[in-house]
Every structure is written in C-alpha cells, then in structure tokens.
Amino acid sequence: MAEQAILSYLETHEEIADSGNFAAECGIDHAEIVNAIKSLHGFLYVESQDIKKETWVLTDEGKRYAAEGSPEAQLFLAVPAEGSIAKDELQKKFDPAIFKIGCSQAGKNKWVEMGRQVSRKVVQVEDKVKDLLLKIQKGQVCSFITCSADKCLKTWKGYSVRKGPSYAPQREKFATDLTRENLQSGDWKKLKFKEYNFNAKGPPSECGHLHPLNKMKDCIKRIFRMMGFEEMPTNRYVESSFWNFDALFQPQQHPARDSHDTFFLKTPSTTMQLPEDYVERVKQVHESGGYGSRGYNYEWKREEANKNLLRTHTTAISSRMLYKLAQDTKQNGFTPKKYFSIDRVFRNEAVDRTHLAEFHQIEGLICDRGLTLGHLIGVLEDFFKRLGMSNLRFKPAYNPYTEPSMEIFSYHEGFGKWVEIGNSGMFRPEMLQPMGFPEDVRVIAWGLSLERPTMILYGIDNIRDLFGHRVDLDLIKKSPLCLIGIK
Ligand code: FB9
C-alpha cells in the first residue's frame, strides 16, 4: 500500500519532497514509507535522497516540567507569599530530585531566600523553562538552546523521492520461477522474469565448522610441511616418566616431576616395557655422566622412571622418535630429519585467563650433523615469519634437556609490546649420546602453544572462551578462516 501510494503520487508529481510529510498526509506510518522507498529504489522505480532534520524533543523529565512547571517554579509556588516556611517542611512537598534542582535554580534566580526558613524574594516569577519546553513540545523552533536533562536534539531521517529509471505507476510483478504451467499455457512468452541476483546470499548452509584451534593447527601444519618437516605420531596422552623426563636428562628430583605439576596415573600406574640397554645408559648419564658430562650424581631409580603420567610436553614424543632414529642410524647410517608435533599436553597448573590444565604444544626439531645455535635462530626466523611474526629477540633461558636454551620474543604492534612466543634450545649430549647418535649429530628444537596465537589471532581474551564447556558455538561458526602461512 505504501508502494502504491508513492508510485501513484509520482505519476502526477515531480517529487515527494519530504517522506515524513508525505507519510503524514497519506496517514501511513513513516517507517513503512521508508521500507517501500528502499525496495522501490532497489528496483530502480524511484531515486531517493536522504534528508535529515534535527528536532528538539523533550525527555520524560522535560515532559513532566512542561506539564507541572520547572522545579524552581514549583518550589517558588510552594513558598508562602508572605512570611516563610521551614526548609524541611518545604522539602516534604517534593521528591528529592525536584527539590534539589528547585532549590539550586530558585536560589540562582534569586527567587527565594534559602535558609533553615525559606521565603520569597520576589512577588512572582515567570517560568521560562516551562514556556520553552511547551514551545518545543509544539514543535516551535527555538534557537540557542542546548541539550540538557529535559530536552535533547533528535535527528529525524527521511527521504526526498523522484521517479527512477524503471519507474512505472504499478510495480510490475516479475515472475521468479518458470513453471510447467507457464510452459504448457504459453504465458511464459509475456511474463517478465525477475533479474537473477547473483550476489544474493543463499540460505546459510548448516554445515560443520572447524574449531579455531583446528584452523590454526592446520595452518601451522601446512607451514611445517612447506618447510619440509614430517609430523610425529602423538596419539598417546599416557606416557612413561622415562620418555617424558628421564630420556630428556631431566633429573628425578626435578620439581616438574612431582604431582604438583604432573598428572600421574593410578592405573595403569607403571609402564610395561622399556628398551633395557638404553635405560641402562640413561641411568648412567643421570648418575655419573659420560659423553663429557659429569651427570647429576644421584641414585637414579627405575621405579621412578616406570611411573605413568599424562605427558607434560610433546617433547616426550621427540625423545621416542629420536631414539628410534638413532637405532635406525646403527642399521642404515644416519639420515637428517625434520620433525614436528602439535597435540595436547597436560600440566597440573593453576588455571587462569591464559592457562588451563591442558594445552596444545607445537614442537619442531631438526636433527643433523654440525647444527649450531645459528641454525636454530635461522629456522626460528623462517618459521615465525611465516606465522606473521618477524623482528624476533632471543633471551637466554634454561630447560633441563637443552643447552643453550632461548626464550623467543616478538614485538607485537597491536599490543605495543614484546610478547614471549616460545622456547627453544639444543638438546643436550646427555640426551642424544645415550640414544646412540654419532658424536657430531646435533638436534635443534623449539616449542610454543597453539592456544596463545589462536587467542591473539581470533581476539579471544580468556582461554576458557576458546577451549572447554564454556565455548559458545557461534564463536566457532563465525570464526573466520585462518590465512596464516597462506597469503
Ligand atoms: O606460545 C607461547 N606464546 C605465544 C606464541 C605465539 C603467539 O602468537 C601470536 C600471534 C602473535 C603468541 C604467544 N608461549 C609458549 C609463551 C608464553 O605464552 C608462555 O607463557 C606459555 N607457554 C606455554 C607453557 O606454559 C607453561 C607457551 C607454552 C610453551 C612453552 C614452551 C614450550 C612449548 C609451549 C617449549 C619448548 C621446547 C623448548 C626446547 C626444545 C623443545 C621444546
């Protein structure tokens, strides 16, 4: 109906100057007119220009003063013309807000003498505030007024409308479908078909959505593969203390090895089998060193190494893979390797905004002859550049299984600060030699979490909104593609 009103009006008039007045004249709600204008505009039946009008409108408070008078006028009228009235008497007549404003305004206007007793200082007053509000209410233009508690400027938006390139007094019904009946009846010949809107978004397809962590994981896997790394099998959350700690030359009294930091298993509490000859060499290097090391000089206990736990790092997988590589070396000679892993690790830590008792560790390692710290820094620069992080800084650090070790920092423009983006180092000979690697084989390695980059990339502030029962599925559905390493 609004459409027809507009099209027929334009049949005899150049333009609709103001959609607001037009709506009022037609007795049609302005919003309906606006929707009709937008739709007719879409089909080029009309052309429209925005018109804005700022009008003063009264707030609820303003409406009350326009009706009952301004607080100061109300207060003045409540003060007896002769004599005075006790302030607290007067106060009882008004609600606190009105009384407060009334006192300060009437005082400022020198209408009343404010003391413990209140008396008039003038015979009568003119309630200009009320008059102004009434004027505004009647839509009379008032100048030099400012926004305040009782009135504010409302912007009214409307349109002026003219005929468009495909104007017609009636909206042509466009066929949106070619039906069998159309064909049989032949009336398809005279039907006008609606243009295909190739930009129309189809109905949202209810399809599966990858969790942002998995999107990030796939990106990082793609980066590793592009750098020639192969993925290590990480499908074992339960690990023995031997591969998780001892093989990494982490001493049995190391604080990380007690239940405050590590989830030990009740059942199966101990591992079934370990490569005995290798275990013996690990025992030796812990107790008395070798390979140029003096070891830790403590009594190494097999039962400690047998304890099963939830792996605290995917470096446990690295130790297994490196041991296997060393074994292969004995058979078939040494072949350099580049390995990576991305999977869950478990730490009995205090949960906070960025830490849960489990997270996904990303680890990369290169095993080759004669590798140096320079190689490590080089591969870190390459890896993190592909992650969009350059301008790295390296800070000496300590890990039981790497020497030297470095924490990695990158300057994050958005945060305007240096962010710790990972840890790295060269695996100790006390770890590699007992495995059976030739003297000059070195292993450089580094690690970071999957959650931190995902939180930063997807702007998620609290890790519990990213992982766990509190995750809002919409976050997953709406999370954009991860283009890291692609562009
Ligand atoms: O991920 C971490 N930080 C990070 C990484 C990327 C990132 O990307 C942003 C888009 C820009 C932002 C931040 N960290 C490692 C640093 C810190 O968050 C740290 O506080 C927390 N760390 C976890 C361990 O927490 C106890 C992150 C996790 C971590 C730490 C070390 C390793 C792996 C994960 C390692 C290792 C390693 C070292 C040597 C040899 C082999 C493995």
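Counting starts at 1 for both ligands and their atoms, following the listed order.
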Write down the atom of D465, the atom of V471, and the distance for their closest heavy-atom approach.
O-CG2, 3.6 Å
Is the closest protein non-hydrogen atom to atom 30 (C) of ligand 1 under 4.0 Å?
no
Does atom 3 (N) of ligand 1 have any protein heavy atom closer than 4.0 Å?
yes
Closest protein heavy atom (residue, atom, distance) for [atom]:
{"atom": "atom 15 (C) of ligand 1", "result": "S449 N, 3.9 Å"}
{"atom": "atom 21 (C) of ligand 1", "result": "H355 NE2, 4.1 Å"}
{"atom": "atom 34 (C) of ligand 1", "result": "L448 C, 3.4 Å"}
{"atom": "atom 18 (O) of ligand 1", "result": "R452 CG, 3.5 Å"}
{"atom": "atom 6 (C) of ligand 1", "result": "P453 CD, 3.5 Å"}
{"atom": "atom 38 (C) of ligand 1", "result": "N423 OD1, 3.4 Å"}
{"atom": "atom 23 (C) of ligand 1", "result": "F359 CZ, 4.1 Å"}
{"atom": "atom 37 (C) of ligand 1", "result": "G447 N, 3.7 Å"}

Beyond-backbone contact of P404 with L373, side-chain heavy atoms, under 4.5 angstrom
yes
Heavy-atom contacts with [X] under 4.0 Å: which atoms of ligand 1 show up? List them by number with element.
{"X": "E349", "result": "26 (C)"}
{"X": "E363", "result": "41 (C), 42 (C)"}
{"X": "A445", "result": "40 (C), 41 (C)"}
{"X": "R347", "result": "24 (C), 25 (O), 26 (C)"}

Aromatic ring centroids of [X] and [Y] under 6.0 Å?
{"X": "H286", "Y": "F249", "answer": "yes"}
{"X": "H360", "Y": "F467", "answer": "yes"}
{"X": "Y401", "Y": "F245", "answer": "no"}
{"X": "Y339", "Y": "F229", "answer": "no"}
{"X": "Y278", "Y": "W243", "answer": "yes"}
{"X": "F394", "Y": "F409", "answer": "no"}

Do any heavy atoms of [X] fall under 4.0 Å from ligand 1?
{"X": "M455", "answer": "no"}
{"X": "E451", "answer": "no"}
{"X": "I456", "answer": "yes"}

Compute the shortest N/O to N/O distance between N399 and ligand 1 and return yes if it is under 3.5 Å, no if not.
no
Counting heavy atoms under 4.0 Å, the part of H313 that contacts ligand 1 is neither
Which bit of S424 is near ligand 1, meaning a heavy atom under 4.0 Å away: side chain, backbone, both or neither?
backbone
Nearest heavy atom to atom 20 (O) of ligand 1, choosing from M389, M406, E420, M426, belongs to E420
Between D382 and R386, is there a side-chain N and carboxylate O pair less than 4.0 Å apart?
yes
Within 45° of the ring axis of F43 and under 6.0 Å from its six-membered ring centre, is that where the NZ or CZ of R171 lies?
yes
For the pair Y298 and Y296, name the ring-plane relationship: parallel under 30°, tilted 30 to 60°, perpendicular over 60°.
tilted
Testing K283, K301, R257 one by one against D246 for a salt bridge (charged side-chain N to carboxylate O under 4.0 Å, His left out), which residue passes?
R257
For a ring-ring contact (aromatic ring centres under 6.0 Å, His included) check, start with the C-alpha distance between F359 and F346, then their side-chain angles and the critical distance, and finish with the verdict.
CA-CA 7 Å; F359 68 91; F346 309 85; 9.2 Å; no
